[in-house]
Amino acid sequence: MKILVVGGGGREHATIKSLVGEGRQLFCAPGNAGIANLATCVDIKTNDIEGIVKFATEEKMDLVVVSQDEPLVLGMVDALQEAGIRAFGPNKNAAIIEGSKAFSKDLMKKYNIPTATYEKFTDSKTAIEYVEQQNTYPIVIKASGLALGKGVIIAQNFDEAKEAIIEMIDGGKFGKSGNEIVIEEFLTGIEVSVLAFTDGHCVRPMISSKDHKRAHDNDEGLNTGGMGVIAPNPAYTTQVEKQAYEKILIPTIKAMNSEGRTFKGVLYYGLMITDKGPKVIEYNCRLGDPEAQVCLTLLKTDLLTIMNAVIDEKLSEIEVKNEEGAAIIVMMCSGGYPESYEKGKEIIGLDENGQNANFEYVFHSGTVKKDGKYYSNGGRVLGFVSKGKDVKEAQDKVYSNIDKVSFEKSFYRNDIGGKR
Ligand code: AMP
Ligand code: GLY
């Protein structure tokens with residue numbers, strides 16, 4: 001059978017690795033140098049709906065997995081289905097749960113799903129007046145649309161809030177995504193990522209995880225796409241898990257059904273465990289990156305079996321099993337990331353398959369290969385995964401080996417999973 005994964009980062013590398021199996025021919029668009037060791041990479045951009053549909057039709061793909069937020073929000077799954085191609089991922093009318101924070105906040109309010117209190121605005125003057133009335137800081141200002149993970153400002157005072165509002169609504173900082181904004185209460189607690197498969201009836205979560213978003217140790221520096229992850233997340237106790245399942249995971253799926261927007265695919269619940277229980281910070285309509293690399297590494301059930309069960313709405317008939325123990329990923333990035341950085345640095349320490357035997361696996365986020373050598377080709381470049389009986393053991397393993405791979409100006413956080 002022929003399977004195409006749309007995307008080209010670490011998450012797609014992990015997805016492809018989990019899909020490897022006898023009788024399966026794997027393709028990835030556009031892929032990267034690491035992915036090329038497991039799949040045939042085809043040079044089509046992730047947002048090119050027409051190009052993907054054409055390729056999938058001509059090459060007779062049996063399944064297309066749409067892995068990134070933008071093509072999902074733009075309706076790639078709908079276009080594939082219209083062309084008679086089996087596709088994994090939510091339809092456009094369900095992907096809006098990530099594509100519009102205004103939508104997802106209204107959904108949570110209507111269906112009593114715990115989240116930060118909020119208001120939405122399309123006019124900067126009214127928004128600024130609202131912040132003045134609230135007069136509590138920090139306060140959170142969010143562009144409603146997709147913004148590459150950069151559309152959230154935690155304003156520490158009135159001036160910062162005002163500046164963020166004006167930049168988003170009047171200054172067009174995030175283009176159309178910032179035409180509408182959400183202003184919400186600042187929540188305190190511990191964040192947990194829960195990536196769950198759902199067929200619109202049943203929800204089967206993967207192991208919980210904890211992302212580390214800031215660029216530098218001690219959570220200093222700018223927000224990034226994610227610098228490292230541990231799983232399981234120690235704050236997601238059995239009790240919290242039960243509360244989240246009953247008050248958030250299931251009610252969200254039911255709410256989407258009631259709205260005529262049945263969600264099928266992977267729903268990412270970004271939660272804050274507050275002293276009043278878990279609350280939703282955000283939803284994503286796809287696997288998290290780098291969470292997926294860790295969660296899929298610990299997934300025991302065959303990913304293709306799960307994806308088929310989701311598409312056929314038979315998820316309740318199978319179990320989603322995880323390995324015992326823990327795993328960690330530490331991202332190696334280009335100096336300067338998430339701001340400007342250089343590409344094209346030769347990577348030392350990888351074998352011809354883009355691996356290093358000291359790790360469980362090395363996932364490629366941004367690499368190219370020329371004349372048998374690997375080079376950096378993005379801000380986040382490589383993700384090093386180790387497993388252990390617990391987080392501590394996994395952490396010790398990854399950090400005692402990470403310096404075996406490097407490139408000029410590469411850097412990584414030293415405290416993924418806590419101080420050592
Ligand atoms: P988002 O893109 O919505 O995930 O937001 C990015 C990050 O901003 C989250 O991972 C949180 O760390 C932080 N954040 C977002 N909303 C809130 C909130 N209401 N209270 C506290 N932190 C938040
Ligand atoms: N790691 C956060 C995300 O995938 O959005």
Side-chain angles (χ1 to χ4, degrees), residues 7 9-12 14-15 67-70 72-73 95 97-105 108 114-120 134 136-156 161 164 168 174 177-178 181-196 206 208-215 219-231 233 235 266-276 278-296 329 331 333 338 363 365 379-380 383 413 416:
R11 165 182 45 205
E12 288 74 33
T15 303
S67 170
Q68 296 189 342
D69 46 18
E70 231 181 305
L72 287 167
V73 169
I97 199 164
E98 174 169 4
S100 165
K101 291 194 199 286
F103 168 85
S104 67
K105 294 299 288 191
M108 289 185 267
T115 188
T117 55
Y118 75 102
E119 287 293 334
K120 6 169 234 181
Q134 294 297 303
T136 40
Y137 301 95
I139 194 162
V140 185
I141 321 283
K142 298 184 171 183
S144 178
L146 297 180
L148 297 167
K150 291 179 184 144
V152 175
I153 303 293
I154 316 270
Q156 301 297 334
M168 285 186 198
F174 300 107
S177 292
I181 63 168
V182 167
I183 302 187
E184 68 179 30
E185 167 201 10
F186 179 76
L187 298 174
T188 48
I190 300 176
E191 282 188 64
V192 179
S193 307
V194 180
L195 282 48
M206 283 194 263
S208 65
S209 59
K210 178 180 165 67
D211 194 4
H212 297 66
K213 289 209 165 87
R214 300 297 197 95
D219 285 331
E220 285 169 12
L222 293 171
N223 254 325
T224 69
M227 296 296 292
V229 171
I230 54 161
N233 186 322
V266 176
L267 186 53
Y268 169 133
Y269 300 80
L271 307 179
M272 184 75 89
I273 313 304
T274 71
D275 53 11
K276 295 198 187 79
K279 294 188 179 186
V280 177
I281 299 178
E282 61 155 352
Y283 294 112
N284 293 324
C285 64
R286 34 86 195 166
L287 287 165
D289 189 344
E291 287 95 331
Q293 287 96 302
V294 180
C295 296
L296 289 173
I329 184 167
M331 303 302 302
C333 303
F363 289 113
S365 292
R380 291 189 296 176
R413 271 182 65 160
I416 303 301

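The structure presented is a predicted model; accordingly, all values stated were derived computationally and were not measured. Positions are given from 1, in the same order as the sequence printed here. As the structure lists them, so they are numbered: ligands from 1, and atoms in each ligand from 1.
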Query - Per-residue contact class, N284 against ligand 2 - non-hydrogen pairs under 4.0 Å - result: side chain
Query raised in the report: Under 3.5 Å, N or O to N or O, is D211 touching ligand 2 that way?
Result: yes
Query raised in the report: Using heavy atoms and a threshold below 4.0 Å, how should the contact between E185 and ligand 1 be classified: side chain, backbone, both, or neither?
Result: backbone
Query raised in the report: Do the side chain of E98 and the main chain of A95 share a donor and acceptor less than 3.5 angstrom apart?
Result: no
Report summary line: Taking only non-hydrogen atoms of K213 and a 4.0 Å limit, the atoms of ligand 1 in range are 10 (O)
**Report entry** Backbone or side-chain N or O of E282 under 3.5 Å from ligand 1 N or O
**Finding:** yes
Query raised in the report: Does G288 come within less than 4.0 angstrom of ligand 2, counting non-hydrogen atoms of the residue?
Result: yes
Query raised in the report: More than 12 non-hydrogen atoms from neighbouring residues, nucleotides or ligands closer than 6.0 Å to CD1 on I154, yes or no?
Result: yes
Query raised in the report: Of all the non-hydrogen atoms in the protein, which one sits nearest to atom 15 (C) of ligand 1, and at what distance?
Result: I281 CG2, 3.4 Å
Query - Sub-4.0 Å heavy-atom approach of G270 to ligand 2 - result: no
**Report entry** Straight-line distance of S144 OG to K120 NZ, nearest 0.5 Å
**Finding:** 8.5 Å
Query raised in the report: What distance do C295 atom SG and I329 atom CD1 have between them, rounded to the nearest 0.5 Å?
Result: 10.5 Å
Requested in this report: Can you pull out the closest protein heavy atom to atom 10 (O) of ligand 1? Residue, atom name and distance to 0.1 Å, please.
Outcome: E191 OE1, 2.8 Å
Query raised in the report: Should you measure from each heavy atom of K101, which atoms of ligand 1 turn up under 4.0 Å away?
Result: 2 (O), 3 (O)
Requested in this report: Pull out every atom of ligand 1 sitting under 4.0 Å from any heavy atom of V140, numbered as shown with elements.
Outcome: 16 (N), 18 (C), 19 (N), 20 (N)
Report task. Please lay out, stage by stage, how T15 and L296 fare under the test side chain to side chain contact (heavy atoms under 4.5 Å, CB included). Result -> CA-CA 7 Å; T15 303; L296 289 173; 3.9 Å; yes
Query - Reported CG-to-OG distance for the pair D289 and S67, which is rounded to 0.5 angstrom - result: 8.0 Å
Query raised in the report: Do any nitrogen or oxygen atoms of L187 come within less than 3.5 Å of a nitrogen or oxygen of ligand 1?
Result: yes
Report task. For atom 2 (O) of ligand 1, find the nearest protein heavy atom and state the residue, atom name and distance (0.1 Å precision). Result -> V152 CG2, 3.4 Å
Query raised in the report: Would atom 21 (C) of ligand 1 count as contacted, meaning some protein heavy atom under 4.0 Å?
Result: yes
Report summary line: Within 4.0 Å of some non-hydrogen atom of Y268, the atoms of ligand 2 are 2 (C)
Report task. Specify the protein heavy atom at minimum distance from atom 3 (C) of ligand 2: its residue, its atom name, and the distance to 0.1 Å. Result -> R286 NH1, 3.5 Å
Report task. Give a yes or no answer on whether the side chain of T115 reaches the backbone of V280 with a donor-acceptor pair at less than 3.5 Å. Result -> yes
Query raised in the report: Within the distance-only criterion (no hydrogens, no angle test), does the side chain of K105 pair as donor or acceptor with the backbone N or O of A116 below 3.5 angstrom?
Result: yes
**Report entry** Heavy-atom closest contact (G99 atom, V73 atom, distance)
**Finding:** CA-CG2, 3.9 Å
Requested in this report: Around atom 23 (C) of ligand 1, find the nearest protein heavy atom and jot down its residue, atom name and distance.
Outcome: I154 CD1, 3.9 Å
**Report entry** Heavy-atom closest contact (Q68 atom, G7 atom, distance)
**Finding:** NE2-CA, 3.8 Å
Query - Within-cut-off N or O pair, K213 and ligand 2, under 3.5 Å - result: no
Report task. Under 4.0 Å from a heavy atom of K142: give me the atoms of ligand 1 that qualify, with their elements. Result -> 3 (O), 15 (C), 16 (N)
Query raised in the report: Checking side-chain hydrogen bond (donor to acceptor under 3.5 Å, both in side chains) for the pair E291/S209: CA distance, chi angles, key distance, verdict?
Result: CA-CA 7 Å; E291 287 95 331; S209 59; 5.0 Å; no
Query raised in the report: Atom CD in E220, atom CZ in R214: separation rounded to 0.5 Å?
Result: 9.0 Å
Requested in this report: Run the numbers for me: atoms of ligand 1, each under 4.0 Å from some heavy atom of E184, listed by number.
Outcome: 16 (N), 17 (C), 18 (C), 19 (N)
